[in-house]
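For reference, the structure is listed below as structure tokens.
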Amino acid sequence: MAQYSRIEVATVMKETGMVPLFYHPDVELGKNVLKACYDGGARLMEFTARGDFAYEVFLELNKYAIKELPGMIMGVGSITDAAAASLFMQMGANFIVTPSLREDIAIVCNRRKVLWSPGCGSLTEINKAEELGCEIIKLFPGSTYGPGFVKAIKGPQPWTSIMPTGGVSTEEANLSGWFDAGVTCVGMGSKLISKEVLATKDYDGLTAKVRKTLDLIKKIRS
């Protein structure tokens with residue numbers, strides 16, 4: 001069962017402004033990445049369940065987070081159907097992220113009051129997601145739409161909370177573009193947790209990068 005309500009998760013997303021995301025089949029490496037991000041100040045992690053037996057890896061990472069990393073909120077991304085969402089919620093997933101808008105996932109998540117963030121790419125999809133109870137929209141792929149799309153949406157719908165994923169980097173100009181346009185938070189994958197970091201196991205470097213990025217987001221917002 002989820003340790004955090006959807007409102008609690010949405011609040012932390014808004015407060016920190018960043019959701020790191022990554023996938024790797026190695027549990028021990030995953031624990032080290034999780035700890036490095038936590039030490040850098042991150043309090044959210046989206047585990048993108050893209051590989052075989054990904055549920056086994058997530059189960060161990062979530063157990064580790066609950067036991068060793070107080071306040072770390074674990075969620076799961078790349079979920080494409082209600083059955084998968086239900087499986088991961090049974091393992092304690094605190095939020096579910098999807099590449100597209102699916103009503104079946106909305107229903108099972110709402111039933112258990114777990115935050116779900118669907119990938120949307122049009123105002124019609126965003127409106128539908130909000131009608132289904134979505135707190136924070138995932139703009140995906142962010143690189144296709146850009147900050148201009150966010151600004152255009154926020155004009156007629158200032159209440160809409162948006163999290164772009166894809167096309168987000170740790171550079172100040174990039175982050176400024178997104179936050180100045182009005183995003184609530186950003187999802188950041190390989191630009192933050194790079195293949196090089198995973199290959200060299202540079203966990204200290206990852207901690208420093210996470211801390212620097214969070215400080216930069218705070219500076220931009222202020």
Side-chain angles (χ1 to χ4, degrees), residues 2 6-7 9-10 13-14 17-25 44-55 57-58 62 73-154 156-157 159-169 178 181-193:
R6 59 186 173 192
I7 300 303
V9 175
M13 285 182 172
K14 291 173 184 176
M18 182 177 75
V19 181
L21 53 110
F22 93 109
Y23 169 78
H24 199 281
L44 298 147
M45 174 63 74
E46 177 190 329
F47 180 74
T48 50
R50 295 174 180 170
D52 292 338
F53 309 109
Y55 66 94
V57 181
F58 176 77
N62 199 30
I73 301 172
M74 292 290 293
V76 183
S78 301
I79 298 299
T80 56
D81 58 74
S86 296
L87 174 66
F88 281 101
M89 283 191 288
Q90 183 63 30
M91 295 176 186
N94 295 286
F95 61 95
I96 300 291
V97 182
T98 71
S100 61
L101 174 60
R102 288 188 58 97
E103 188 168 344
D104 60 335
I105 294 176
I107 290 169
V108 297
C109 289
N110 287 340
R111 185 177 294 135
R112 296 177 67 159
K113 296 189 177 180
V114 170
L115 183 140
W116 57 283
S117 184
C120 296
S122 71
L123 186 54
T124 300
E125 286 184 336
I126 290 171
N127 284 339
K128 181 63 176 177
E130 290 179 327
E131 287 168 6
L132 292 169
C134 178
E135 296 286 344
I136 297 179
I137 300 292
K138 173 186 175 182
L139 179 64
F140 181 76
S143 56
T144 299
Y145 299 98
F149 181 85
V150 176
K151 190 173 182 179
I153 294 299
K154 295 285 284 187
Q157 296 194 181
W159 58 81
T160 295
S161 295
I162 297 174
M163 172 180 67
T165 300
V168 180
S169 75
W178 286 114
V183 302
T184 295
C185 62
V186 294
M188 202 177 304
S190 60
K191 298 294 185 181
L192 182 70
I193 308 172

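The figures that follow rest on heavy atoms only: side chains count, while hydrogens, waters and symmetry mates do not.
Judged by distance alone, the side chain of Ser100 and the main-chain N or O of Gly119 form no donor-acceptor pair under 3.5 Å. Ser117 contributes a side-chain N or O that, together with a main-chain N or O of Ile136, makes up a donor-acceptor pair within less than 3.5 Å. In this structure a side-chain-to-backbone donor-acceptor pair under 3.5 Å is missing from Gln157 to Ile153. Side-chain N or O atoms of Arg102 include one that pairs as donor or acceptor with a backbone N or O of Thr80 at under 3.5 Å. Side-chain atoms of Lys154 come within 3.5 Å of backbone N or O of Thr160 as a donor-acceptor pair. No side-chain donor-acceptor contact under 3.5 Å links Asn62 to the backbone of Met74.
The shortest side-chain heavy-atom distance between Val97 and Phe140 does not fall under the 4.5 Å cut-off. Between Lys191 and Val186 there is no side-chain heavy-atom pair separated by less than 4.5 Å. Counting heavy atoms from C-beta outward, Trp178 and Val150 have side chains that approach closer than 4.5 Å. Counting heavy atoms from C-beta on, the side chains of Ile162 and Phe149 never come closer than 4.5 Å. Using a 4.5 Å cut-off on side-chain heavy atoms (C-beta onward), Val9 and Glu135 make no contact. Taking the side chain as every heavy atom from C-beta outward, Pro147 and Tyr145 never approach each other to under 4.5 Å.
To the nearest 0.5 angstrom, Cys109 atom SG is 4.0 Å from Met89 atom CE. Between Ile137 atom CD1 and Leu101 atom CG the span is 7.5 Å, to the nearest 0.5 Å. Atom CG of Leu115 is separated from atom CG of Asn110 by 9.5 Å, given to the nearest 0.5 angstrom. Atom SG of Cys185 is separated from atom CE of Met13 by 5.5 Å, given to the nearest 0.5 angstrom. Here NZ of Lys128 is found 11.0 Å from OG1 of Thr124. Values are rounded to the nearest 0.5 Å. The CD atom of Glu46 sits 13.5 Å away from atom CD1 of Ile73, with the distance rounded to the nearest 0.5 Å.
Across Tyr23 and Arg50, no two heavy atoms sit closer than the pair CD1-N, 4.1 Å. A pairwise comparison of heavy atoms in Val114 and Ala2 identifies CG2-CB, 4.1 Å as the closest pair. Between Thr48 and Ser78, the closest heavy-atom pair is CB-OG, 3.8 Å. Heavy-atom minimum distance, Val108 versus Ala82: CG1-CB, 3.9 Å. Residues Val76 and Ala93 come closest through the heavy atom pair CG2-CB, 3.9 Å. Annotation for Thr184 and Ser161: closest pair OG1-CB, 3.2 Å, computed over non-hydrogen atoms.
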Exercise for the section: For Leu192 and Met18, run side-chain contact (heavy atoms from CB on, under 4.5 Å): C-alpha distance rounded to whole Å, both residues' side-chain angles, the deciding distance at 0.1 Å, then the answer. Expected result: CA-CA 11 Å; Leu192 182 70; Met18 182 177 75; 3.9 Å; yes

Problem - side-chain contact (heavy atoms from CB on, under 4.5 Å) between Ile193 and His24, worked out - result: CA-CA 11 Å; Ile193 308 172; His24 199 281; over 6 Å; no

Exercise for the section: Just do the side-chain contact (heavy atoms from CB on, under 4.5 Å) check on Phe95 and Val19 with the steps written out, would you? Expected result: CA-CA 11 Å; Phe95 61 95; Val19 181; 4.2 Å; yes

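The local environment of CD in Glu103 is sparse, with at most 12 non-hydrogen atoms from other residues, nucleotides or ligands closer than 6.0 Å.
Ring planes of Phe58 and Phe47: tilted class, angle from 30 to 60°.
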